[in-house]
Amino acid sequence: MDLNLKGKSVVVTAASKGLGRASALGFAKEGAHVILSSRSEDELKKACEDIIEETGNEHVTWIVCDMTKADEINRLMTFAAETNGTVDVLINNAGGPPAGGFEDFSDDDWQNAFELNLLSFVRTSRAAIPYMKENGWGRILNIASSSIKQSLDNLILSNTFRAGIVGLAKSLSQEYAEHNILVNTVGPGRIATDRVEQLDQIKADQLGINAGELKSQAEQSIPMKRYGEPDEFAKAIVFLGSGANTYMTGQSLVVDGGLVKAL
C-alpha cells in the first residue's frame, strides 16, 4: 500500500524516545520530512541520528520544545514550516502526568498536567491548522492512553485530561473535515516503553512484589499475553496520519492487544 507520505511535512512532539520516537521512525521510513521535538537536546540528537542511519532519510531534523510553553510551541511550528515549506501531519504527544489518586495532588499539579497533556495539544493544533487549511489537506493524531476507553487505577490526572483530548479531537474533526483535515486519537495499552516500565515499578512497589512479577501478571490480563512494541503502535499512527487514510476522522482507537473490554 502506498501511504502517500513521501515529502510530506510531519511534526512529532515528545519524539526523543518511546512512542513519539517510534512514530517519527515510521514516518521517516515512508520518506516523509520529519521534525522531532522534545525537551532534551541530547536525546533528540541521538534519536535523529539513529533514525537517519536506519532509514537513510536525510530529511529528518529536530528542535527543542517544552510542550508547556506557548512560545516554544510556536517556534516549533514556525521552524517546521520554514524547514519543510508547510505542516501536513501533526503527531501530538507529551509525557504522562504523575501517578496518584485524587487526594495526592494540589492545584499546581492539576494545572501542570492540564498545560502538558491538554493545552499543549490545543496550542500545536492551533498553530498547524492554518497550514493544513491552505493546503486543503492535513492529518492530526493525538497520542493519549487506553484510558480514553476505560479509566486506569491511580492515574486520575491522565484519566481526566486524556478524556479532554478526545473531546478536542472530536470537535476539530467536525469543524475542519471540509478542509480534508482528519483528526483522530490513539491510545496505547501496555506498550513496552520507559513510561510503562515506570508505572509498573510504582505499582509493584505498592504491592510489595518485583516489577518482573507484576509484568507477568499484567501480561496474563492481555488477550495476546504480551506487551506491545512501540513499532506496533507506530504502524497505526503512520496509517492514520497518511494519505491512505481518507475517511477516518473523529475516532478514538486503542492499540492494546485486546486489553480494554469496554465497548
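All figures in this text were calculated on a predicted structure; none of them were measured in a lab.
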Quick one: does any side-chain atom of [X] pair with a main-chain N or O of [Y] as donor and acceptor, under 3.5 Å?
X    : Y    : result
N154 : A99  : no
D88  : S9   : yes
N84  : T86  : no
N159 : S147 : no

Is it the case that one hydrophobic cluster holds both [X] and [Y], taking links as side-chain heavy atoms less than 4.5 Å apart, direct or via other members?
X    : Y    : answer
V183 : I165 : yes
L3   : V87  : no
M67  : V64  : no
F102 : L199 : no
M1   : V10  : yes

After noting the C-alpha distance and the side-chain angles of Q251 and K170, does the key distance pass the side-chain contact (heavy atoms from CB on, under 4.5 Å) rule?
-> CA-CA 7 Å; Q251 301 306 303; K170 192 67 174 180; 4.3 Å; yes
Which donor-acceptor pairs under 3.5 Å do the side chains of residues 11-27 make with protein atoms, sequence neighbours left out?
unit_1 : atom_1 : unit_2 : atom_2 : d
T13    : OG1    : I91    : O      : 3.4
T13    : OG1    : N93    : N      : 2.8
T13    : OG1    : N93    : O      : 2.7
S16    : OG     : S38    : OG     : 3.4
S16    : OG     : E43    : OE1    : 3.4
S23    : OG     : L19    : O      : 2.8

Salt-bridge contact [X]-[Y] (side-chain N to carboxylate O under 4.0 Å):
X    : Y    : answer
E49  : K45  : no
K46  : D42  : no
K203 : D153 : no

For the [atom1] atom of [X] and the [atom2] atom of [Y], what is their distance to the nearest 0.5 Å?
X    : Y    : atom1 : atom2 : answer
T185 : L253 : OG1   : CG    : 8.5 Å
I156 : E103 : CD1   : CD    : 10.0 Å
L119 : N112 : CG    : CG    : 12.0 Å
Y131 : N135 : OH    : CG    : 10.5 Å
I35  : H59  : CD1   : NE2   : 11.0 Å
F239 : R139 : CZ    : CZ    : 9.5 Å

Do the non-hydrogen side-chain atoms of [X] and [Y] ever get within less than 4.5 Å of each other?
X    : Y    : result
L116 : F161 : no
M132 : L90  : yes
K29  : V238 : no
R162 : S151 : no
I140 : Y176 : no
N74  : D71  : no
K225 : Q220 : yes
L172 : S125 : yes

Does the pair V89 and W137 meet the rule for a side-chain contact (heavy atoms from CB on, under 4.5 Å), with working shown?
-> CA-CA 9 Å; V89 180; W137 194 97; 3.9 Å; yes
Report the C-alpha distance between V254 and I148 in whole Å, list the side-chain angles of each, state the deciding distance to 0.1 Å, and finish with yes or no for side-chain contact (heavy atoms from CB on, under 4.5 Å).
-> CA-CA 8 Å; V254 290; I148 62 175; 4.1 Å; yes
Yes or no on side-chain contact (heavy atoms from CB on, under 4.5 Å) for Q217 and I209, after CA distance, side-chain angles and deciding distance?
-> CA-CA 11 Å; Q217 292 176 4; I209 61 177; 4.1 Å; yes
For a side-chain hydrogen bond (donor to acceptor under 3.5 Å, both in side chains) with N142, tell me which candidate from T124, N184, N92 qualifies.
->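 When T124, N184, N92 are each tested with N142, the side-chain hydrogen bond (donor to acceptor under 3.5 Å, both in side chains) holds only for N92.
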Trace of the side chain to side chain donor-acceptor pair (under 3.5 Å) decision for N245 with S242 | CA-CA 6 Å; N245 173 26; S242 76; over 6 Å; no
Atom CZ of R39: over 12 foreign heavy atoms under 6.0 Å |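 Atom CZ in R39 is not crowded, with 12 or fewer foreign heavy atoms closer than 6.0 Å.
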Considering non-hydrogen atoms only, spot the tightest contact between [X] and [Y] and give its length.
X    : Y    : value
I73  : D66  : CG1-O, 4.4 Å
N117 : P97  : OD1-CD, 3.4 Å
Y227 : D200 : OH-OD2, 2.8 Å
V166 : S252 : CG1-OG, 3.3 Å
A244 : N4   : N-ND2, 4.3 Å
T68  : E115 : O-OE1, 4.2 Å

Would Q201 and E197 count as a side chain to side chain donor-acceptor pair (under 3.5 Å) if you check the C-alpha gap in whole Å, the side-chain angles of each, and the deciding distance to 0.1 Å?
-> CA-CA 6 Å; Q201 186 63 62; E197 183 178 349; over 6 Å; no
